[in-house]
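Along the sequence shown, the residues carry numbers beginning at 1.
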Amino acid sequence: MNVGEVYRFNYLWDHEAERGEESGRKIRRVVFMMEIGGWRYLFPMSGNPPEPREDGVDRVFVIVPEMERRRIGLGHDTEKVTHLILDHYNKIAPDRLYDFESLTPVGSFSPRFLAQVGKAFKEARMEKRPIIGLSR
């Protein structure tokens, strides 16, 4: 796996985990953003904008540009919007890769777009915005 590659993965949201679920209900695209201490960090994409949290705090996300959508196999519908959510992630150990549909990426983001994503994530961390992660 390489940083910036996009995979199809059974992504688990915190509200699903709170109900005792162990695997995501829906296969969705995720981007592999970093590896720290052997953990791989995956950030999800959604066609819907993330709703504010209960306390009214806006979510952290970036809209994936059309060219980047093409790079990951989503570029055929120019009316559609894809949101890369940066305030929620799944981190997985290298020996627990069973929630991937395939270990072959469906595409990858450009270094330029990844730099923009990294900047948005770093700004959110500096602003102490809530970021939720699930270890799987």
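- Put simply, CZ on Arg8 and CZ on Arg29 are 5.5 Å apart, with the number rounded to the nearest 0.5 Å.
- Residue Tyr7 holds its OH atom at 15.5 Å from CD1 of Ile27, rounded to the nearest 0.5 Å.
- Considering CD1 of Ile92 and CE of Met1, their distance stands at 5.5 Å, rounded to 0.5 Å.
- Looking at every heavy atom in both residues, Val30 comes nearest to Met45 through C-CE, 3.9 Å.
- Taken from CH2 in Trp13 to CD in Glu18, the straight-line distance is 13.5 Å, to the nearest 0.5 Å.
- Ile132 belongs to no multi-residue hydrophobic cluster, having no ILVMFWY side-chain contact under 4.5 Å with any other such residue.
- Checking side-chain atoms of His83 against main-chain N and O of Ile63 turns up no donor-acceptor pair under 3.5 Å.
- Minimum interatomic distance between Pro94 and Gly38 (heavy atoms only, all atoms of both residues): CD-O, 3.0 Å.
- Among residues at least two apart or in separate chains, side-chain hydrogen bond (donor to acceptor under 3.5 Å, both in side chains) pairs with a member in residues 85-100 are Tyr11-His88, Asp14-His88, Ser23-Asp99, Arg53-Asp87, Arg59-Asp87, Asn90-Arg136, Arg96-Tyr98, Asp99-Arg136.
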Before giving the answer on side-chain contact (heavy atoms from CB on, under 4.5 Å), spell out for Leu86 and Ile131 the whole-Å C-alpha distance, their side-chain angles and the decisive distance to 0.1 Å. CA-CA 8 Å; Leu86 299 177; Ile131 297 174; over 6 Å; no
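- Looking at heavy atoms from C-beta onward, Ser108 lies out of side-chain contact with Ile72 at the 4.5 angstrom threshold.
- Residue Phe61 holds its CZ atom at 11.0 Å from CG of Asn48, rounded to the nearest 0.5 Å.
- Residue pairs meeting the side-chain hydrogen bond (donor to acceptor under 3.5 Å, both in side chains) criterion with at least one member in residues 110-122, sequence neighbours excluded, are Glu68-Ser110.
- The salt bridge (Lys or Arg N to Asp or Glu O under 4.0 Å) check on Arg129 picks up Glu127, with sequence neighbours excluded.
- The side-chain contact (heavy atoms from CB on, under 4.5 Å) search around Glu21 returns Leu12, Glu16, Arg19, Arg25, not counting sequence neighbours.
- Taking the six-membered ring for Trp and the full ring otherwise, the centers of Phe32 and Phe43 sit at least 6.0 Å from each other.
- Other residues, nucleotides and ligands contribute only 12 or fewer heavy atoms inside 6.0 Å of the CE atom of Met67.
- Nearest heavy-atom pair, Ala17 versus Leu134, reported as atom, atom and distance to 0.1 Å: CB-CD1, 4.1 Å.
- Applying the side chain to side chain donor-acceptor pair (under 3.5 Å) test to Thr82 and every residue at least two apart in sequence or in another chain returns Arg69.
- By the 4.5 Å heavy-atom criterion applied to side chains, Val60 and Phe121 are not counted as neighbours.
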Under the side-chain contact (heavy atoms from CB on, under 4.5 Å) rule, what do Leu97 and Arg40 come out as? Steps first, then yes or no, please. CA-CA 10 Å; Leu97 304 178; Arg40 296 175 181 176; 3.9 Å; yes
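- Between Val31 and Phe109, the closest heavy-atom pair is CG2-CD1, 3.7 Å.
- Val3 and Leu103 fall within the same hydrophobic cluster, defined by Ile, Leu, Val, Met, Phe, Trp and Tyr side-chain heavy atoms under 4.5 Å apart, directly or through other members.
- When all heavy atoms are compared, the tightest approach of Gly4 to Leu114 is CA-CD1, 3.5 Å.
- Note that the CD atom of Glu5 and the CG atom of Leu42 stand 11.5 Å from one another [nearest 0.5 Å].
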